[in-house]
Amino acid sequence: MLHIAHHPAYIHPVREGHRFPMLKYELIPAQLLREGVVSQADFFEPSLATKEVLYMAHDQSYIDDLLDLKLSEKMIRRIGFPLTQALVDRERYLVDGTVKGSLYALEHGIAFNTAGGTHHAGRDFGEGFCLVNDQAVAACFLRERKLAARVLIIDLDVHQGNGTAHIFAGSSSVFTFSMHADKNYPFIKERSFRDVPLEDGIDDASYLSLLETHLFELFEEIRPDFVFYQSGVDVLATDKLGKLKLTAEGCQRRDALVFSYAKNYKTPIQVSMGGGYSIDIKDIVNAHVATFKAAIACYNL
């Protein structure tokens with residue numbers, strides 16, 4: 001059984017023409033079910049993450065202002081969504097989905113969230129459609145509960161996981177790895193444990209070769225006892241905000257490579273979807289669904 005966090009609140013209304021493809025959070029589970037990739041029993045509905053859990057990775061005053069809808073106008077602009085109670089609740093649901101998913105992964109080897117990967121949220125700020133950092137919170141949760149001592153966060157979104165790097169700067173227990181387009185947002189980068197900036201237009205072969213080299217080195221050096229994977233599909237050549245040239249097949253091979261390392265090193269892994277901004281929503285949804293298929297094939301689920 002594959003445990004997948006999903007909540008109706010993930011599908012948050014945005015203005016017509018908004019560049020954030022909120023519709024994908026409705027279409028991903030629908031497509032998974034339509035194709036018979038998973039069954040309805042594989043989904044679980046998260047609850048609202050408590051503020052105490054959010055404090056684990058974020059500054060308390062930032063979280064208090066967020067929950068009280070008192071963020072400054074400047075911070076709201078930095079986030080990119082109008083600040084509403086429904087939006088804040090959405091973020092709390094997706095954080096709990098990742099936290100609970102990490103517990104399922106400890107038990108079963110792998111778990112998913114149909115949303116999440118909110119890697120631009122730093123310790124005391126939100127940014128780039130991210131209010132709180134789901135995988136950072138879950139990593140802190142596992143660490144504080146002594147359920148994991150060495151955590152590796154693999155971020156393969158086209159954009160650097162600057163918020164995650166900000167939260168874990170200098171950490172000796174949570175190691176951040178971001179492989180991203182160099183000349184893309186955010187234009188001022190944070191420093192991850194390991195950053196791999198990519199030139200525009202990199203193709204499947206070059207990307208996958210580079211990724212395998214770094215995965216081997218990271219798993220050998222860190223020997224993580226838990227992995228979080230931010231599996232953004234904005235690496236696709238069709239993505240309007242990305243600058244890379246991966247094919248759909250290359251993107252799925254990327255996922256398979258990550259899963260094979262986690263499985264071979266016997267490391268539980270939680271997967272959050274991350275970004276995707278292709279013009280045709282079908283390209284986004286199919287690439288995310290392919291991530292689930294790669295996991296099912298790797299783990300014989």
Side-chain angles (χ1 to χ4, degrees), residues 28 37 109-110 112 117 119 135 152-162 164-165 175-185 189 192-224 226-278 280 282-301:
I28 291 169
V37 177
I110 188 168
F112 276 83
H119 63 162
Q135 292 185 319
L152 173 62
I153 300 180
I154 298 173
D155 190 332
L156 300 184
D157 196 275
V158 79
H159 306 110
Q160 192 210 30
N162 61 314
T164 314
F175 304 88
T176 54
F177 166 50
S178 182
M179 187 161 147
H180 52 265
D182 184 32
K183 300 179 181 67
N184 205 330
Y185 177 91
K189 307 289 195 290
S192 308
F193 175 76
R194 180 172 300 189
D195 286 299
V196 182
L198 304 171
E199 291 299 315
D200 292 357
I202 192 170
D203 62 11
D204 289 354
S206 300
Y207 182 99
L208 293 168
S209 175
L210 195 59
L211 175 60
E212 180 153 30
T213 296
H214 287 284
L215 287 176
F216 175 76
E217 293 175 355
L218 287 164
F219 273 86
E220 282 293 304
E221 177 183 353
I222 297 169
R223 296 286 172 167
F226 199 93
V227 168
F228 290 95
Y229 177 33
Q230 208 275 25
S231 60
V233 300
D234 40 13
V235 295
L236 291 172
T238 56
D239 197 272
K240 60 187 177 184
L241 299 184
K243 297 186 176 184
L244 308 185
K245 295 297 181 184
L246 268 67
T247 65
E249 179 187 6
C251 190
Q252 188 171 21
R253 288 169 60 198
R254 172 203 72 168
D255 297 333
L257 194 57
V258 173
F259 296 140
S260 68
Y261 268 88
K263 183 182 179 183
N264 290 341
Y265 280 81
K266 297 180 173 57
T267 312
I269 183 169
Q270 186 279 331
V271 189
S272 291
M273 292 296 94
Y277 308 92
S278 294
D280 190 337
K282 290 188 296 184
D283 292 331
I284 302 172
V285 173
N286 288 338
H288 282 308
V289 168
T291 302
F292 288 83
K293 292 177 178 178
I296 289 167
C298 181
Y299 287 84
N300 299 312
L301 298 171

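Residues: numbered from 1 along the sequence shown. Keep in mind it's a predicted model, so treat the numbers as computed, not measured.
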Asks: Looking only at heavy atoms, what is the nearest atom pair of Thr291 and Phe259, with distance?
Replies: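 Looking at all heavy atoms of both residues, the shortest contact is O-CE1, 3.4 Å.
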
Asks: Does the Asn184 side chain pair with the main chain of Leu241, one donor and one acceptor, at a distance under 3.5 Å?
Replies: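 Answer holds: yes.
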
Asks: Taking the side chain as C-beta and beyond, is there a heavy-atom pair between Ile28 and Phe112 under 4.5 Å?
Replies: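 In short, these two side chains do not touch, never coming nearer than 4.5 Å.
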
Asks: So Phe292 and Val271, do their side chains get closer than 4.5 Å, heavy atoms only?
Replies: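 A side-chain contact under 4.5 Å is absent here.
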
Asks: Please report the interatomic distance NE2(His214) to CG(Leu210), rounded to the nearest 0.5 Å.
Replies: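 Between atom NE2 of His214 and atom CG of Leu210 there are 4.0 Å.
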
Asks: If you define the side chain from C-beta out and look only at heavy atoms, does anything of Tyr185 sit under 4.5 Å from His180?
Replies: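 The answer is no, as the side chains (C-beta and beyond) never meet within the 4.5 Å cut-off.
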
Asks: Any side-chain heavy atom of Val235 within less than 4.5 Å of one from Met179?
Replies: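 With C-beta onward as the side chain, the pair stays apart.
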
Asks: Let's go through Lys263 and Asn300 carefully: what are the C-alpha distance in whole Å and the side-chain angles of both, what is the deciding distance for side-chain contact (heavy atoms from CB on, under 4.5 Å) to 0.1 Å, and is it a yes or a no?
Replies: CA-CA 11 Å; Lys263 183 182 179 183; Asn300 299 312; 3.8 Å; yes

Asks: Would you say NZ of Lys183 has more than 12 non-hydrogen atoms from neighbouring residues, nucleotides or ligands within 6.0 angstrom?
Replies: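 Enclosed: over 12 neighbouring heavy atoms sit under 6.0 Å from NZ of Lys183.
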
Asks: Donor-acceptor check, side chain of Ser206 to backbone of Asp203, threshold 3.5 angstrom: yes or no?
Replies: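 Not a single qualifying donor-acceptor pair exists.
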
Asks: For a ring pair (Phe, Tyr, Trp, His ring centres under 6.0 Å) with Tyr261, tell me which candidate from Tyr229, Phe219, Phe216 qualifies.
Replies: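 Filter result, single survivor: Phe219.
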
Asks: Let me confirm one number: the CG-SG distance from Leu156 to Cys251, rounded to the nearest 0.5 Å.
Replies: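 If we round to the nearest 0.5 Å, Leu156:CG and Cys251:SG are 9.0 Å apart.
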
Asks: Specify the closest pair of heavy atoms between Gly161 and Asp155, including all atoms of both residues, with the distance to one decimal.
Replies: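 In this case the closest contact between Gly161 and Asp155 is CA-OD2, 3.3 Å.
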
Asks: More than 12 heavy atoms of other residues, nucleotides or ligands under 6.0 Å from NZ of Lys189: is that the case?
Replies: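 Atom NZ in Lys189 is packed in, count exceeds 12.
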
Asks: So, taking the atom named OG1 in Thr267 and the one named CD1 in Ile110, what distance separates them when rounded to the nearest 0.5 Å?
Replies: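 The distance works out to 12.0 Å.
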
Asks: Looking at every heavy atom in both Gln160 and His119, which two are closest together, and how far apart are they?
Replies: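 In this case the closest contact between Gln160 and His119 is O-CE1, 3.8 Å.
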
Asks: Side-chain contact test, heavy atoms from C-beta onward, threshold under 4.5 Å: evaluate it for Asp182 versus Leu198 and give yes or no.
Replies: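 No, every pair of side-chain atoms sits at 4.5 Å or beyond.
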
Asks: May I ask you to decide if Pro197's main-chain N or O and Asp195's side chain share a donor-acceptor pair within less than 3.5 Å?
Replies: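 The answer is no, because no donor-acceptor pair under 3.5 Å joins these two groups.
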
Asks: Which heavy atom of Thr176 sits nearest to which heavy atom of Ala165, and what is that distance?
Replies: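 Looking at all heavy atoms of both residues, the shortest contact is OG1-CA, 4.3 Å.
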
Asks: Between Ile269 and Tyr299, does a side-chain contact (heavy atoms from CB on, under 4.5 Å) hold up when you go through it step by step?
Replies: CA-CA 11 Å; Ile269 183 169; Tyr299 287 84; 3.5 Å; yes

Asks: Nearest 0.5 angstrom please: Tyr265 OH to Leu218 CG, how far?
Replies: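 With rounding to 0.5 Å, OH (Tyr265) is 10.0 Å from CG (Leu218).
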
Asks: Under 3.5 Å, is there a donor-acceptor pair between the side chain of Asp239 and the main chain of Tyr277?
Replies: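 Indeed, once roles are kept as given, a pair shorter than 3.5 Å links the two residues.
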
Asks: Rounded to the nearest 0.5 Å, what's the gap from CD1 on Ile154 to CZ on Phe228? Could you check?
Replies: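 The distance works out to 11.5 Å.
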
Asks: Rounded to the nearest 0.5 Å, what separates atom CG in Leu215 from atom CD in Glu220?
Replies: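 If I round to the nearest 0.5 Å, the distance is 11.5 Å.
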
Asks: Is a side-chain donor or acceptor of Arg254 paired with a backbone partner of Ser231 at a separation under 3.5 angstrom?
Replies: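 Present.
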
Asks: Check Leu236 against Asp283 and note the closest heavy-atom contact, atom names and distance.
Replies: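 Looking at all heavy atoms of both residues, the closest pair is CD1-O, 3.9 Å.
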
Asks: For His159, does its backbone N or O pair with a side-chain atom of Asp234 as donor and acceptor, under 3.5 Å?
Replies: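 Not a single qualifying donor-acceptor pair exists.
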
Asks: Looking only at heavy atoms, what is the nearest atom pair of Ser192 and Ser178, with distance?
Replies: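 That would be OG-CB, 3.8 Å.
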
Asks: With the side chain counted from C-beta on, respond yes when Pro268 and Gln270 share a heavy-atom pair under 4.5 Å apart, and no when they do not.
Replies: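 When only atoms from C-beta onward are counted, Gln270 and Pro268 do not touch, as no gap falls below 4.5 Å.
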
